[in-house]
Every structure is written in structure tokens, then in C-alpha cells.
Amino acid sequence: MIQLIKRIIFAWRYRRAVRKANKYAGLFGMKYYVLNMGGKLKVIPKKNISEMIHRRRFRKGTTIRDIEKMALFITK
């Protein structure tokens with residue numbers, strides 16, 4: 001029962017993050033990713049991801065391609 005509740009909450013947060021990413025992509029014309037960072041879903045533009053890599057927000061050696069593989073959702 002607890003697992004069901006956790007899945008429902010995650011699905012709700014995921015749908016909300018995807019809607020937010022699509023909305024921002026339409027407004028600003030940039031590619032957005034939905035990433036699970038620190039247990040929370042974050043909506044981040046691709047431009048900021050390259051800056052985060054340079055600031056060592058991710059492990060050393062991580063590339064944008066690796067982050068694309070980890071992304072839960074990528075806007076078109």
C-alpha cells in the first residue's frame with residue numbers, strides 16, 4: 001500500500017514537471033530536461049546544464065550526453 005502511494009505521488013510530480021518543461025520550451029524555444037536531482041524532479045534548460053557541468057554540479061567527467069541518458073523527459 002505504501003509503495004502504491006509513493007508511485008502515485010511520483011507520477012503526479014512527474015506529470016507536473018513534464019507540463020512545466022513543455023510550457024517553458026514553448027515560451028522560450030529552448031530544449032528542457034526533467035532530471036531527478038537529490039530526490040526531486042528539476043526542470044532545467046540544456047544551456048544551464050553545460051554551465052552546471054563546468055561548475056562541477058555533476059561528477060567529474062560527466063558530459064551532456066550522459067545527462068541526456070539520465071533524463072526522465074526531454075522536450076522536442
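Sequential numbering from 1 along the given sequence is applied to the chain's residues.
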The complete set of salt bridge (Lys or Arg N to Asp or Glu O under 4.0 Å) pairs with one or both residues in residues 36-50, sequence neighbours excluded, reads K46-E68
Pairwise salt bridge (Lys or Arg N to Asp or Glu O under 4.0 Å) hits with a residue in residues 14-24, at least two apart: none
Across all chains, not counting sequence neighbours, the side chain to side chain donor-acceptor pair (under 3.5 Å) partners of E51 are none
My understanding is that only residues two or more places apart in sequence, or in another chain, count here; which of them pass side chain to side chain donor-acceptor pair (under 3.5 Å) with D66? T63
A17 and V43: which non-hydrogen atoms are nearest, and at how many Å? O-CG2, 3.5 Å
Closest non-hydrogen contact found for I44 with M37 is CD1-SD, 3.4 Å
Taking [Y] as the starting point, is it possible to reach [X] by hopping between hydrophobic residues whose side chains are less than 4.5 Å apart?
{"X": "F28", "Y": "I74", "result": "no"}
{"X": "I9", "Y": "L35", "result": "no"}
{"X": "M30", "Y": "M52", "result": "no"}

Going from CZ on R7 to CD1 on I2, what distance comes out if it is rounded to the nearest 0.5 angstrom? 12.5 Å
Tell me every residue that passes side-chain contact (heavy atoms from CB on, under 4.5 Å) with F10, counting only those two or more places apart in sequence or in another chain. Y14, L41, L72
ring-ring contact (aromatic ring centres under 6.0 Å, His included) contacts in which one or both residues fall within residues 31-76, not counting sequence neighbours: Y24-Y32
